[in-house]
Amino acid sequence: MKIHNFSAGPSILPQEVFDEASVAVKDLNGSGLSILEISHRSKAFVDILDEAVSLVGELLKIGSEHKVLFLSGGASTQFAMVPLNFLNEGASASYVDTGTWSAKAIKEARAFGNINLLASSKEDQYRHIPKGYDIPSGDAYLHITTNNTVYGTQFREIPSSPIPIVADMSSDIFSRPVDINKYGLIYAGAQKNMGPAGTTLVVVREDMVGKAERHVPSMWNYKTHIAKNSSFNTPPVFPIYVSMLNLRWVRKNGGIEAMEKRSMERAKLIYDEVDRNPLFTGTTQKEDRSRMNATFLLADGYRNLEEEFLKQCKEAGISGIKGHRSVGGFRASMYNALKLESVQLLVDVMRDLERRKG
Ligand SMILES: *Cc1c(COP(=O)(O)O)cnc(C)c1O
C-alpha cells in the first residue's frame, strides 16, 4: 500500500530521489563504486558538493556576499555556533521566542553574551507570532525561527531589521522565496525540507565571520568551513548527495515559486477543512498558520475520538499525523514532496469521521 507520509522530520522526499539514491548506493553513475565508499576528495564527490552549493545559490538567489556550507551536527549545533562566532562577551544579540526551537537557541546563546528577548509568545502557548517590537540597532544580530515545526506557526512576513537576521529555517527552507540581503546567516537541518538527516545547510555572509574575540575551535568556526569548502573534515557525503538530488528535483519542478504555490494549495485544503468540519479546531492564530506544519485538535465534545481518528488515518495509509508530544492533537507536516492528493486523502478521512460521528 502507498503510504502518505506527513512526518515532521525526518520526512518525505520525492520517490524519484529515493530511486536515484538507491541506484547510487550500488553504483554511482556507472563508476563501479558506491556513493557510500568514494573518497570525499574524489572528483565524483567534489562535483556533487559543487552542484549542491550551486543549486542552493540558484534556488535562493544568493549573491557572492554569502557562502553556502554543508555542515554536520544538526540545526541544534547552530544554536551555539551562531553566538560562539557572532556574539562577543559583553555584546548583545536579539532573539524572538516563538516556540520550542527558538527557546533552545536562546538557552544556548545565553552562555556567550547578553540576550535581548524582544518578544515571546510563550504565555500564549506559542499560538501566535509576536509583532510590533523594536529591534535594537546596536545588537550583533536578530535571531528568529521562521517556521515553528512543533506549534504550527510561521512568520508570514520577515521583520524589517536594522541588523542582520539569523534565521533557523529548518522546516520551511525552499518552500518560499528568501530575500537574502536581510540575512547574516540562515541555517536548516536537512531532514525537514531538503534531504535526509545528517547534514545542515548554512548560508552565511562572509564579512561577518572571523570577528570573534574568543578562541573558536576550528570545527565550530565558520571561517574554517568557508576556507575549506565544507571539506575541512569528512563531510556527510551521502546526506549531501541526496540533498543535491532533491534540490535538482525542486528546480526541475519549477523552483521556489512552484514550491510556494504548492504549499499554499496544500495549506488551504487542510485549513479550510479544519475550519469547516465541526469535529476539528485549529490550534493557532489564523494569520500566523504554518504552511508546512498544520496543527489541529478534535473540538470540545469530540475529544474521545482521537484514537479512532488515528486508526482511520492508519487504515487509509496516512502516517505521521500524531501531534508533537508537547502539544498533543494532530500535525500534518506538508513538505515540498507531499502531493496535494495526500492532503485530500486526509481531508476525506476527516469528512468520513464527521459523517459517522458528527
Ligand atoms: C527539527 C528542528 C530543529 C532541530 O534540528 P536538528 O537537526 O535535529 O538539530 C531546529 N529547528 C527547527 C525549526 C526544527 O524544526
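Excluded from the calculations below are hydrogen atoms, water molecules and symmetry mates; all remaining heavy atoms, backbone and side chain alike, are included. Nothing here was measured: the structure is a model prediction, and the numbers come from that model.
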Considering all heavy atoms, the nearest [X]-[Y] contact:
| X | Y | value |
| --- | --- | --- |
| Ala332 | Leu346 | CB-CD2, 3.9 Å |
| Lys192 | Ser11 | O-OG, 2.6 Å |
| Ala258 | Asn253 | CB-O, 3.2 Å |

Please determine whether the number of non-hydrogen atoms from other residues, nucleotides or ligands lying under 6.0 Å from atom [atom1] of [X] exceeds 12.
| X | atom1 | value |
| --- | --- | --- |
| Trp220 | CH2 | no |
| Glu315 | CD | yes |
| Glu307 | CD | no |
| Asp134 | CG | no |
| Glu65 | CD | no |

Check whether any side-chain N or O of [X] sits under 3.5 Å from a backbone N or O of [Y] as a donor-acceptor pair, and report yes or no.
| X | Y | value |
| --- | --- | --- |
| Asn221 | Lys223 | yes |
| Lys182 | Val178 | no |
| Thr200 | Gly74 | yes |
| Ser7 | Pro10 | yes |
| Arg262 | Lys339 | no |
| Ser170 | Gly189 | yes |
| Arg156 | Asp288 | no |
| Arg266 | Arg291 | no |
| His66 | Tyr183 | yes |
| Ser230 | His225 | no |

Looking only at side chains, do [X] and [Y] share a donor and an acceptor under 3.5 Å apart?
| X | Y | result |
| --- | --- | --- |
| Asn229 | Ser231 | no |
| Thr153 | Asn148 | yes |
| Ser92 | Asn114 | yes |
| Asn5 | Tyr335 | no |

- [ ] Step by step, work out the side chain to side chain contact (heavy atoms under 4.5 Å, CB included) result for Met259 and Phe174.
- [x] CA-CA 7 Å; Met259 294 302 126; Phe174 303 117; 5.8 Å; no
Presence of salt bridge, [Y] and [X], under 4.0 angstrom:
| X | Y | answer |
| --- | --- | --- |
| Lys61 | Glu257 | yes |
| Lys261 | Glu265 | yes |
| Glu341 | Lys2 | no |

Tell me, do [X] and [Y] make a side-chain contact under 4.5 Å, heavy atoms counted?
| X | Y | answer |
| --- | --- | --- |
| Tyr187 | Thr77 | no |
| Ser175 | Met292 | yes |
| Ile180 | Leu60 | no |
| Lys122 | Leu117 | no |
| Phe155 | Asp172 | no |
| Leu310 | Lys314 | no |
| Gln78 | Asp168 | no |
| Asn85 | Val209 | no |

TODO: Show your working on salt bridge (charged side-chain N to carboxylate O under 4.0 Å, His left out) between Arg248 and Glu51 and close with a plain yes or no.
DONE: CA-CA 9 Å; Arg248 268 188 194 165; Glu51 184 173 349; 2.7 Å; yes
Open item on the list: Counting the benzene-type ring for Trp, do His40 and Phe45 have ring centres under 6.0 Å apart?
Closed with: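 Centroid distance His40-Phe45: not below 6.0 Å, so no.
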Can [Y] be reached from [X] by stepping across I, L, V, M, F, W or Y side chains whose heavy atoms are under 4.5 Å apart?
| X | Y | answer |
| --- | --- | --- |
| Ile144 | Ile106 | no |
| Ile256 | Met244 | yes |
| Leu28 | Phe18 | yes |

Open item on the list: Let's go through Glu89 and Glu213 carefully: what are the C-alpha distance in whole Å and the side-chain angles of both, what is the deciding distance for side chain to side chain contact (heavy atoms under 4.5 Å, CB included) to 0.1 Å, and is it a yes or a no?
Closed with: CA-CA 8 Å; Glu89 223 175 297; Glu213 287 160 10; 5.9 Å; no
- [ ] Look at the rings of Phe330 and Phe296 and say which category their plane angle falls in: under 30° parallel, 30 to 60° tilted, over 60° perpendicular.
- [x]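 Rings of Phe330 and Phe296: tilted, 30 to 60°.
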Open item on the list: Is the ring pair Phe79/Trp101 parallel, tilted or perpendicular, if the boundaries are 30 and 60 degrees?
Closed with: tilted
Task: Trace of the salt bridge (charged side-chain N to carboxylate O under 4.0 Å, His left out) decision for Asp272 with Arg276 - done: CA-CA 6 Å; Asp272 279 356; Arg276 185 208 62 79; over 6 Å; no
- [ ] Would you give the length of the straight line joining atom CE of Met350 to atom CZ of Phe309, rounded to the nearest 0.5 angstrom?
- [x] 5.5 Å
Task: Residue pair Arg351, Glu273: steps toward the salt bridge (charged side-chain N to carboxylate O under 4.0 Å, His left out) verdict - done: CA-CA 8 Å; Arg351 289 193 178 148; Glu273 179 63 13; 3.2 Å; yes
Open item on the list: Between Tyr141 and Leu185, is the side chain to side chain contact (heavy atoms under 4.5 Å, CB included) condition met? List the steps.
Closed with: CA-CA 9 Å; Tyr141 58 86; Leu185 187 144; over 6 Å; no
